[in-house]
There are 2 protein chains.
Amino acid sequence: MTASSAEERLARWRTALQAHGYRLTAARRAVLRVLARSERALDATQIFDLARRQAPGLGLVTVYRTLEALQALGLVQRVHCNTHCASYVAAEPGHQHLLVCRGCGRVWYFGGDDLGSLMQSVAGESGFVVEDHWLQLVGLCEACRQAEQAEGSRSGCKEEAVK
Amino acid sequence: MTASSAEERLARWRTALQAHGYRLTAARRAVLRVLARSERALDATQIFDLARRQAPGLGLVTVYRTLEALQALGLVQRVHCNTHCASYVAAEPGHQHLLVCRGCGRVWYFGGDDLGSLMQSVAGESGFVVEDHWLQLVGLCEACRQAEQAEGSRSGCKEEAVK
DNA sequence: CCTGAAACTGAAAATCGTTTTCAATACGAG
DNA sequence: CTCGTATTGAAAACGATTTTCAGTTTCAGG
């Protein structure tokens, strides 16, 4: 993700919130900034810690409430893993499939629209109407894989998981 | 799922647990019975309520511990939805993909092994090593769809979500 | 610019699902 | 049957999320 696209996203989010009657407060701005710029899925506490640097008085409650709003507008997407079940990333419209690194938590989106035929065949057989789908690949990114192989090495991907 | 396959599964689970040094207690038997016979993904509390009919003294803690064991042996699979994040169904070996009805919670498995190529191409481009994947389709089954269309009708699929 | 109504805020308390602790009990190998 | 050990349920601890509430901030309209 380039820096500019993060800033564009940030601007888009602010516009979208205001267009839906939400007010733009300092607290919300800080939360938006953190999430819009992150390459990783972050949970409420991580967002809280990062956003508080920009908005010192910020409360955790506000983070939850802002996440709720962003989710309602479809601007962020929830990421489930077997452990962390409530992390969020910026939603990339049209790219719903996730690639999650279990080492550093970074998230990438990818296409793979060949799922359409799969869903149709499932629907055809059973009368099931598919409304939503959910494809997530979990593994290790290049950097984390190298760090894991160099056991005990101090230079790794994990350590900077939240900067 | 036929009744006999549920009983077969139950027998398999009991054998597997004992083979791995777990003891077969009345409490565990009740939890196994509930989960092995269920067509739906159930969370800890639902299992607790159902299993307590067969084992009155049962504690919720034991449900959690039994789920942990079943999961460790790969006998049940966790189901994530946007709401319930910790429900479990019997794992069907070799069929990892889920079809979940948002109405009644019933779960079906399906094939779709064409994901292999998808994962390879993802890995090839990025150096990412995919260790696990997670495909879930959410929608409405035939029965729930009909029930939803007949708005206000009392005969539905939802009502018997947990019998 | 003001001004005021409504949205928003953070702190504290309540709540929910899950885990830990612990003394008593039940399993099952021998 | 007996014994060592895994397992049990109750209670307490715990972490994450939600609710409550009184004070504050935003922003549309004058």
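Each chain gets a letter, A, B and so on, in the order its sequence line appears, and its residues count up from 1. Predicted model, so just to flag it, every value in this text is computed and none were measured.
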Measure [atom1]/[X] against [atom2]/[N] and give the value in whole Å, please.
X	N	atom1	atom2	answer
B:Arg52	D:dT8	CZ	P	15 Å
A:Asp43	D:dA16	CG	P	8 Å
B:Glu68	D:dA6	CD	P	15 Å
B:Phe48	C:dC16	CZ	P	16 Å
B:Tyr22	C:dA29	OH	P	16 Å
A:Leu24	C:dT9	CG	C1'	15 Å
A:Gln46	D:dG15	CD	C1'	15 Å
A:Leu67	D:dT17	CG	P	9 Å

Kindly point out which of [options] is positioned nearest to the side chain of [X]?
X	options	answer
A:Gln18	D:dT8, D:dC27, C:dT20	D:dC27
A:Tyr64	D:dT17, D:dT7, C:dC8	D:dT17
A:Leu60	D:dA10, D:dT17, D:dT7	D:dT17
B:Arg65	C:dA12, C:dC8, C:dT21	C:dT21

Backbone of [Y] reached by a side-chain donor or acceptor of [X] within 3.5 Å:
X	Y	result
A:Gln136	A:His80	yes
A:Arg9	A:Ala90	no
B:Arg23	B:Gln18	no

(message) Between the base of D:dT5 and the side chain of B:Arg23, is one N or O donor paired with an acceptor at under 3.5 angstrom?
(response)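 Result: at least one qualifying N/O pair found.
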
(message) Under 4.0 Å, heavy atoms only, any strand: does B:Arg28 hit a base, just the sugar-phosphate, or nothing?
(response)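 Contact class for B:Arg28: sugar-phosphate only.
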
(message) Check the phosphate of C:dT9 against A:Thr25, side-chain N and O only, distance under 4.0 Å to OP1 or OP2. Yes or no?
(response)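 Result: yes.
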
(message) By nearest heavy atom, map B:Ala86 and A:Gly21 onto DNA chain C; which one lands nearer the 5' end?
(response)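 The residue whose closest nucleotide sits nearer the 5' end is A:Gly21.
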
(message) Please determine whether a side-chain nitrogen of the Lys or Arg among B:Glu148 and B:Arg102 lies less than 4.0 Å from a carboxylate oxygen of the Asp or Glu.
(response)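 Looking at B:Arg102 together with B:Glu148, the answer is yes, because their closest N to O distance falls below 4.0 Å.
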
(request) Run the salt-bridge test on A:Arg145 and A:Glu142 with the 4.0 Å N-O cut-off and return the result as yes or no. (result)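 A:Glu142 and A:Arg145: salt-bridged.
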
